[in-house]
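Here is the naming used below: chain letters follow the sequence lines, and residue numbers restart at 1 for every chain.
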Amino acid sequence: MKEERYQYEESPSYVSRREFIAISGIVIAILALPAVWIRSAVVKRNSYIRARLNGLYKDDAGSKVRVSHGNSGVAKLYKDFAGHPLSEVSEELFHTQSYVNRTRI
Amino acid sequence: MNAEARTYQKGEIPGIIGIDADVCKGCDSCKRYCPTGAITGMFGAIHSIDVEKCINCGQCLINCPFGSIYETVDTVDTVIAKLQDKSVTVVGIPAPAVRVAIGEEFGMADGSLVTKEMYGAMRKVGFEILDNNFTADLTIMEEGTEFIVRARHALFGEEAHGHKVGPLPQFTSCCPAWVRYVETKYPSLIPNLSSAKSPQQMAGPLAKTYGALEIWKKPPESIYTVGIMPCTAKKFEASRPEFASAYHFLKKEGKAGSDTPYPDIDTVLTTRDLARLFKKMKIDFTKAGETDGGPLAEYTGAGTIFGNTGGVMEAALRTAYKVLTGNELQPLEFKPVRGMKGVKSASVTLMDTKYGKEVTVNVAVVNGIHGNIEPILEKIMAGTSSYHFIEVMNCPGGCVNGGGQPIKSGGSSWLRAALPLFGWK
């Protein structure tokens, strides 16, 4: 009986152990990217609200007068028209007693 | 529209917010934003809104990932027609939060402050301007004075002349969604709401009386008031039947000029609506030029922060401090009420010079009433709350994040459901 002999040859496309580790790292990094995108979207999700809040605080900080009782237009309105806060005119035009109990309509 | 809406008065618009059944995917995102649980429908099925529970805040609208939620009231074309009618004086009343958001609709950065450009574009299309910030300052004068009256009544037994004094804590009444929330869910707390109207509803009668007669010299019935608001609930507020006070006031003096009552605020546009109006009228917002607003557009820093959570409180404290102690608050910034935390509280100790006594005022600021307000209201009803003055705004962050503001995809809601799974808050 003839003894069968085989010759083995290593594949030319060969990945060394180090290369395998490097490639695995790249694959894991790519797989992890969506998580990073989601996370940054989550962190930034309220940034536009903060930007608008800061916009109004900037408007406040840049105003010459920063207290309501210093508004000369409002002072003029009281002098010429409404009298004083909670005056009869104010009560009629700027206040309401008409909140309704909506469970009983 | 629901014809037998039970929680609406005659004349009110029942339900400002609707869901387009053709677009709704049943993703349930909106439910997490609804402060009253008004949205019904199983996950995966088409959702609908219960108008009895809905307080018209529009948080679901700006957070719907598919854009399936819309406003049932759109008056852009009506306003354009009024602007083109030369016999009508159209008065635009832009709210504080509009000036930091409308730029976003024209490609500007988030939060760009564009007051002058907004005035310019509004003037160009034919608006007269009554800045809502002006009436925000007026609100502080009225509401702040009312708070001092209530506090002195509760602490020192001082009697007010001519009107009933409400209980403490006093709630702010600027937010129409919050007012409707109290009216539908906690009616026993209605006396705690400030009797001062919201800045928009002060601006209406102001425009039709003082503005018409003294500033613009026009007959009051020819004034058409347009609230320009970051808010969908303001459309509902303007339709409340009691808000025809300018008509009744003028009627007594024989100056009403008409026999049919006219509303204080004729119509309301949201920030998105105003941007759409500019686009329809072919106004290039970025090149409209900068102008001043005129005599009724004067405002202070205290008025402009009304659009932020904590802003009403901060502005009220600045004025109350001056009235009670005689000195200006130093520094003017009151940091504890700033920021986006759901419930913020602070204590201020000051000297009431009229009585020569030290007073400690406990204040709270609530934004995003969903989940934040109930514990406080339960405590008040049980009589164990230590607060004296509470500012409530329905939307998280305040009016700057209102239901009428430009819609941002960055505010995507569906991610929020996944956050706890990854340990993020």
What are the two closest heavy atoms between B:T145 and A:P85, and how far apart are they? OG1-CB, 3.4 Å
For the pair A:R52 (side chain) and B:V100 (backbone), establish whether a donor and an acceptor sit closer than 3.5 Å, ignoring hydrogens and angles. no
Separation of A:T103 OG1 from B:E52 CD (nearest 0.5 Å): 12.0 Å
Listed pairs under 3.5 Å, donor-acceptor, residues 65-74 of chain A side chains, sequence neighbours left out:
residue : atom : partner : partner atom : Å
A:R66   : NE   : A:D60   : O            : 3.3
A:R66   : NE   : A:D60   : OD1          : 3.1
A:R66   : NH1  : B:E333  : OE2          : 3.4
A:R66   : NH2  : A:D60   : OD2          : 3.1
A:R66   : NH2  : B:E333  : OE2          : 3.0
A:S68   : OG   : B:D137  : OD1          : 2.9
A:H69   : ND1  : B:T319  : OG1          : 3.1
A:H69   : NE2  : B:E328  : OE1          : 3.3
A:H69   : NE2  : B:E328  : OE2          : 3.2
A:N71   : OD1  : A:G73   : N            : 2.9
A:N71   : OD1  : A:V74   : N            : 3.2
A:N71   : ND2  : B:D137  : OD2          : 2.7
A:N71   : ND2  : B:E298  : O            : 3.2
A:S72   : OG   : B:E298  : OE1          : 3.2
A:S72   : OG   : B:E298  : OE2          : 2.6

Closer than 3.5 angstrom, by distance alone: can the side chain of B:E146 be matched with the main-chain N or O of A:L86 as a donor-acceptor pair? no
Just wondering, do A:V100 and B:E242 contact through their side chains at under 4.5 Å, heavy atoms? no
Trace of the side chain to side chain donor-acceptor pair (under 3.5 Å) decision for B:E142 with A:S90: CA-CA 8 Å; B:E142 295 291 339; A:S90 292; 2.8 Å; yes
Proximal component of B:P191, with respect to chain A [non-hydrogen, under 4.5 Å]: neither
Non-hydrogen atoms of chain A under 4.5 Å away: do they reach the side chain of B:L138, the backbone, both or neither? both
Which atom pairs, donor and acceptor, lie under 3.5 Å between side-chain atoms of residues 20-31 of chain A and protein residues at least two apart or in another chain?
residue : atom : partner : partner atom : Å
A:S24   : OG   : A:F20   : O            : 2.6

Could you measure the distance from the CD1 atom of A:I49 to the CD atom of B:Q405? Nearest 0.5 Å is fine. 10.0 Å
Find the distance between CD1 (B:I305) and CG (A:L53) and round it off to the nearest 0.5 Å. 11.0 Å
Which heavy atom of A:Y78 sits nearest a heavy atom of B:M141, and at what distance? OH-CB, 3.4 Å
Could you check whether any side-chain heavy atom of B:F134 comes within less than 4.5 Å of a side-chain heavy atom of A:L77, counting everything from C-beta outward? yes
So which heavy atom on B:S195 is nearest to which on A:Q97, and how close? CB-NE2, 3.9 Å
Between the side chain of A:R102 and the main-chain N/O of B:T7, is any donor-acceptor distance below 3.5 Å? yes
Return the OG1 to CZ distance between B:T135 and A:F94, rounded to the nearest 0.5 Å. 9.0 Å
Proximity breakdown for B:R338 and chain A, heavy-atom pairs closer than 4.5 Å: both
Kindly indicate, with the supporting measurements, whether the criterion side chain to side chain contact (heavy atoms under 4.5 Å, CB included) is fulfilled by B:Y210 and A:D80. CA-CA 9 Å; B:Y210 179 70; A:D80 295 350; 4.3 Å; yes
Salt bridge A:K76-B:E214, side-chain N to carboxylate O under 4.0 Å: no
Output for pair (A:Y99 OH, B:L193 CG), nearest 0.5 Å, gives 5.5 Å
Side-chain touch A:L56/B:F306, heavy atoms, less than 4.5 angstrom: no
Measuring from atom CD1 of B:I407 to atom OH of A:Y48, what distance do you get when rounded to the nearest 0.5 angstrom? 9.5 Å
At a heavy-atom separation under 4.5 Å, does B:S194 approach chain A through its side chain, its backbone, both, or neither? backbone
Can you tell me which portion of B:K10 sits under 4.5 Å from chain A's heavy atoms? Options are side chain, backbone, both or neither. neither
Cut-off 3.5 Å, side chains only: do B:Y299 and A:D59 have a donor facing an acceptor? yes
If you count heavy-atom pairs within less than 4.5 Å of chain A, which of B:A196, B:S198, B:A316 leads? B:A196
